[in-house]
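Lettering follows sequence order; numbering is per chain, from 1. Treat the numbers as computed from the prediction; the structure is a model and nothing was measured. Side chains included, hydrogens not; waters and symmetry mates left out as well; all remaining heavy atoms used.
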There are 4 protein chains.
Amino acid sequence: MKVFEVRDEWTMDHLRLGERPDPPPPAAGEVLLRMRAAALNYRDLIVPLRGYGSMTGTLPLIPVSDGVGEVVAVGAGVTRVAVGDRVCPAMIQSWISGPPTADRLRGTLGAPLDGVMAEFMTLPAETVVKVPPHLADEAAAALPCAALTAWSAVVTEGRVAPGDTVLVQGTGGVALSALQFAKCQGARVIVISSSDDKLARARALGADEGVNYRSVPEWGKRVREIAGRDGVDHVVELGGQHTLPQSLRAIRAGGTISLIGVLSGGTLNAYLGPIVTRQVRLQGVTCGSRDGFEAMVRAIALHRIRPVVDRVFAFAELHAALAALAQGAHFGKICLRH
Amino acid sequence: MKVFEVRDEWTMDHLRLGERPDPPPPAAGEVLLRMRAAALNYRDLIVPLRGYGSMTGTLPLIPVSDGVGEVVAVGAGVTRVAVGDRVCPAMIQSWISGPPTADRLRGTLGAPLDGVMAEFMTLPAETVVKVPPHLADEAAAALPCAALTAWSAVVTEGRVAPGDTVLVQGTGGVALSALQFAKCQGARVIVISSSDDKLARARALGADEGVNYRSVPEWGKRVREIAGRDGVDHVVELGGQHTLPQSLRAIRAGGTISLIGVLSGGTLNAYLGPIVTRQVRLQGVTCGSRDGFEAMVRAIALHRIRPVVDRVFAFAELHAALAALAQGAHFGKICLRH
Amino acid sequence: MKVFEVRDEWTMDHLRLGERPDPPPPAAGEVLLRMRAAALNYRDLIVPLRGYGSMTGTLPLIPVSDGVGEVVAVGAGVTRVAVGDRVCPAMIQSWISGPPTADRLRGTLGAPLDGVMAEFMTLPAETVVKVPPHLADEAAAALPCAALTAWSAVVTEGRVAPGDTVLVQGTGGVALSALQFAKCQGARVIVISSSDDKLARARALGADEGVNYRSVPEWGKRVREIAGRDGVDHVVELGGQHTLPQSLRAIRAGGTISLIGVLSGGTLNAYLGPIVTRQVRLQGVTCGSRDGFEAMVRAIALHRIRPVVDRVFAFAELHAALAALAQGAHFGKICLRH
Amino acid sequence: MKVFEVRDEWTMDHLRLGERPDPPPPAAGEVLLRMRAAALNYRDLIVPLRGYGSMTGTLPLIPVSDGVGEVVAVGAGVTRVAVGDRVCPAMIQSWISGPPTADRLRGTLGAPLDGVMAEFMTLPAETVVKVPPHLADEAAAALPCAALTAWSAVVTEGRVAPGDTVLVQGTGGVALSALQFAKCQGARVIVISSSDDKLARARALGADEGVNYRSVPEWGKRVREIAGRDGVDHVVELGGQHTLPQSLRAIRAGGTISLIGVLSGGTLNAYLGPIVTRQVRLQGVTCGSRDGFEAMVRAIALHRIRPVVDRVFAFAELHAALAALAQGAHFGKICLRH
């Protein structure tokens, strides 16, 4: 079968199209998937450079964690899914249920485990989740990491209630899914972006307010004014280093900041004082469990939510797709089709 | 000022229109309200008969717990509200924040404290809540008990998540508010009623499914089938004695039944087995705190939710209004206008 | 190997000592245990009579859900445990983590799955839990059902805090474990029993107060007085039908009743009113997950807690042991040794 | 009456003994306290320098937030306490119940409100809490800020369970109370300190393990090894800038760090990565509500817990007491007696 893999050396150049033997029939409890689409995340830019150190795994490595496939064979005893079902592999294969633990967080597709850039994947039936029929393959491919991370932030951990105000940073895949789920929970959503055009598109997706952080560098104060009362109830923090100080201005006393991404830099450099005196919670969020995935899919099916797809590349165009991601001009997900 | 009060004896006949002296100017921390509308709850049928025993209070008693008024004077130091604001008195005056305690649950308007069937009320400023401008007086009057009880059930205690399935019993005031809030949280809502016409109206308000419990006496099983999986995640239990056994069939393992009303009888007569073996939670819900009221009002304002008003009577027609409530043919709230 | 099994018919008489073939070596991911001790629960009196209907499983059935064994062989890939480890099988084999679901609650040892009254058991490695060295085999055998149910009630679901007051009913296995865990959480514990002698022994185990429900039939009121304030924060409800009305008197507004057992009868026959107006929570509790088991074992190891063993029978004396259980004079667990 | 107050200028020198008129009899709902003891916190070193900016309040200001007094008069309608009761004023006067809000966090004794360094204080009866008889005045004085902050961290917010491992930093007042409460919840407690002598004294108070951070600069790793598994469940973070990076090494995936103090510096300078990828929670904690205070007092009374008092100064020796605090050699609280 055709695969993309990082071979011989950890560089972007060594990420190449290649061949691996077709997988054998699935063993008991396993399923065999023919992959149909993939979706990129920022981690896919970091993995080929061995950016997670020893946790990146070993060479050769098939990259990319998000994808969707069709079940083409099932092993003995499999009842969760059937041949013909369209399913996503859970990104964190070892996290089925319950709270996260070090052991559960270890087994992630696309590094250190082989990812979805292959024609076929063999997986335990327990770790795949059926996707709703209203989703195109590309949109379904965005569920395992981007959408589930947003779900964990605003639903599982965030417990956003109707009437709450949620601040979402940017218009990438996690951000737009967070916007969709927060609206679905009855929240008021404020989006920040560097582009008025993207803010307009976020509004079309349901955002109540938008702030351009280029034209309003002190956007934390502005967001707080828009929120009214004492600030927003919840921040979906995707920027990290350069945005967190502003987020700490925007958040209300007792509010929660979901720490998800560190796009603007990985060092937290903020005054601790306000976190303490205003009793703010910073909650790290990393993807979610398979149980959370299934709960999310029920909401997506009921509300016919569609992850936003920016652009679709062919399977062989992985490098072009990664370059588009690195450029950062996208609105929603960058996907690949088999 | 004009008031309705139960005088001399605890019978419906002794509930009469009368006069009390106009209240003095509000003391420090107090507000004076000119009442504009009231809304009836089942407890208003029970109070005149001293149905809560010694907890009903003492004669004479001004009945009815739900209402809305306009602030016409404020005492020294009041900043929460201003003259001209339209506000609801919190039904449980002594429950400002935090979990319920015996002390907090004691001070309820309409029994044992004087209720809203008076031209004026004097209250601590801390215990009144501003209402959104989009609500007519009659709809606003329904907030303190019916709507807040529904909010406490599905939001504060229920923590319903998008994609969850919620079963709502009937089409009274609490039921329809629960339907509205559950939809606002992204839930799928199933309503049961004895009338196909009321089910159609519930669907128009957002209900996803309806079951006529007259034509389907084993409605628990039907609801479970509609819910799919193992049953509904949440039941808003308003019937009590005769409905709870069916609710226990409809609920999924690990699900929650909010025990609010006992319209069909006050004795729980159910097999305990399934509660234990399926780890079901029965959560008593009684109104809510002022903090909860304010959170609810934010959601109502954001989503322009309107409590459903069935019929409006004049202030002097209290007996006719109570008779209409007792008849049980209403869809939503029965209200009174000053 | 030697086994006890219910054969041919669902009667106590048909529960007999017999032979089954020795199990083959464990497959990948499995472990083989040589069983060392078992502990009885009330359900073991019900199972041979097919008391759970179709959920009791099919004949022949090896009964009893609680036991401990030694790992004598492990299949390929097993790292959780090693040969020589002393482990308990999780009673609910299918509940590893997360909240309960119908699927997870299905696979229970001792009915419908074969139980621990066998010389050997083959189980998935994921479903066994190492036990602390300070526990004798008989005490360790009491962990999977009795102790874990108590843990789920007062820790996982109950979230008892230091200074809370907990009411525990009786002096059976679940009750005494609940007493031990609640003390370990810093609670004040009140025990009820029909025997002053048992109350004295409960005090020796840490109980702060005891009430004899024979000499004080209105014990709910007495417990409430002892608790002070408005009643106890938490009730570990083991009696069911005849005790629940008293428990509803003893509990404070906003308190929680863990509904575990129905020893005095399986029909709930209580006024719903106080549950609603005092916002009481009734939480069904059925054993717990393997994750909960592991958390409990950490606490047991740290505090060197020992489940109380009343009496130990030889493996072959199962009928005598069950008779002793039925008699109800025990204090703690009735166990069997291989 | 005698008071200490910062007069004319915000410097330590302008903190002087002076006179204010004796307070009038308490108004309705108020109580008059004759103060008996005070206890110092680090904030008391910062307040005289106007270290909280405009939130420090205005001159003249009576400093110090923690104290205990005797009720010498009650206003009309006061039933919570009676003359002769020994009570602590809640440090955050405006936070009675429920979660924190900006409004609730505003009214803090000792800045911006006048503090406890006065012979008499007049306070709303709702904001004082009776203290258990087993506590000496000096120990009772330590409850409002130091002990309650520890309680909020490990009980209210932390929800520590028996068998959990808790890391406590240092041996100041908050640290030792956190140690006492965590032990009371059944946790295993590891303490770090720069002094082997203090570690020995912490062990005498119940600490299970101690690490000297002077001799083990990479103490995060050592703590993780001691904790076993993947690290500690909970960190009571009192150092801030210089300790947090080590705390992030010590904490397990999914664990919680209670961010309370910033003794070593107020700037968070840590890699965000591990917070995200290991789903760590950082929870700011600032004192607690009066409800929390009452719950804590119940636990303190039940377990006869005594806050550790390092040294007691006379009322007039405030400057010497503050100097002792600044020196940092204390173990437990530095107190003053009237």
Side-chain angles (χ1 to χ4, degrees), chain A residues 43 51-53 55 92 95 98-106 108 149 152 157 224 229-231 237-241 244-245 248 251-288, chain D residues 43 51-53 55 92 95 98-106 108 149 152 157 224 229-231 237-241 244-245 248 251-288:
Chain A
R43 71 191 305 270
Y52 296 108
M55 293 171 62
I92 307 185
W95 190 7
T101 64
D103 282 347
R104 284 178 187 149
L105 294 176
R106 226 154 253 155
T108 308
T149 300
S152 296
E157 297 286 338
R224 189 172 183 162
R229 301 165 67 217
D230 176 46
E237 175 70 45
L238 293 158
Q241 187 167 339
L244 191 57
L248 285 170
I251 194 82
R252 71 162 168 83
T256 294
I257 298 176
S258 292
L259 215 51
I260 297 172
V262 293
L263 299 179
S264 72
T267 306
L268 186 55
N269 208 305
Y271 289 108
L272 288 170
I275 300 175
V276 174
T277 57
R278 304 183 64 238
Q279 199 149 324
V280 169
R281 169 177 295 182
L282 267 73
Q283 174 66 61
V285 175
T286 185
C287 198
Chain D
R43 71 193 304 271
Y52 296 109
M55 293 171 63
I92 307 185
W95 189 6
T101 65
D103 283 346
R104 284 178 188 150
L105 294 176
R106 227 154 253 155
T108 308
T149 300
S152 296
E157 296 286 337
R224 188 172 184 162
R229 300 166 68 217
D230 175 45
E237 175 71 44
L238 293 158
Q241 187 166 338
L244 191 58
L248 286 170
I251 194 83
R252 71 162 168 82
T256 294
I257 297 175
S258 292
L259 216 52
I260 296 172
V262 294
L263 299 181
S264 72
T267 306
L268 185 55
N269 208 307
Y271 288 107
L272 289 170
I275 299 175
V276 173
T277 57
R278 305 183 64 238
Q279 199 149 325
V280 170
R281 169 178 296 183
L282 268 72
Q283 175 66 61
V285 174
T286 186
C287 198

Pair A:Leu259-D:Leu282, side chain to side chain contact (heavy atoms under 4.5 Å, CB included): steps then yes or no: CA-CA 10 Å; A:Leu259 215 51; D:Leu282 268 72; over 6 Å; no
For chain D, which candidate among A:Thr101, A:Thr277, A:Ile257 shows the most heavy-atom pairs at distances under 4.5 Å? A:Thr277
Taking every heavy atom of D:Arg281 against every heavy atom of A:Glu157, the minimum-distance pair comes out as NH2-OE1, 3.4 Å
Side chain to side chain contact (heavy atoms under 4.5 Å, CB included) between D:Thr108 and D:Arg43: does it pass, once the steps are laid out? CA-CA 11 Å; D:Thr108 308; D:Arg43 71 193 304 271; 3.6 Å; yes
If we ignore hydrogens and angles and just use 3.5 Å, is the side chain of D:Arg278 paired with the main-chain N or O of D:Ile251 as donor and acceptor? yes
Chain A contact via D:Leu105 - which portion, at a heavy-atom distance below 4.5 Å: side chain
Among the options D:Ser258, D:Gly254, D:Ala102, D:Pro99, pick out the one with the most heavy-atom pairs lying under 4.5 Å from chain A. D:Ala102
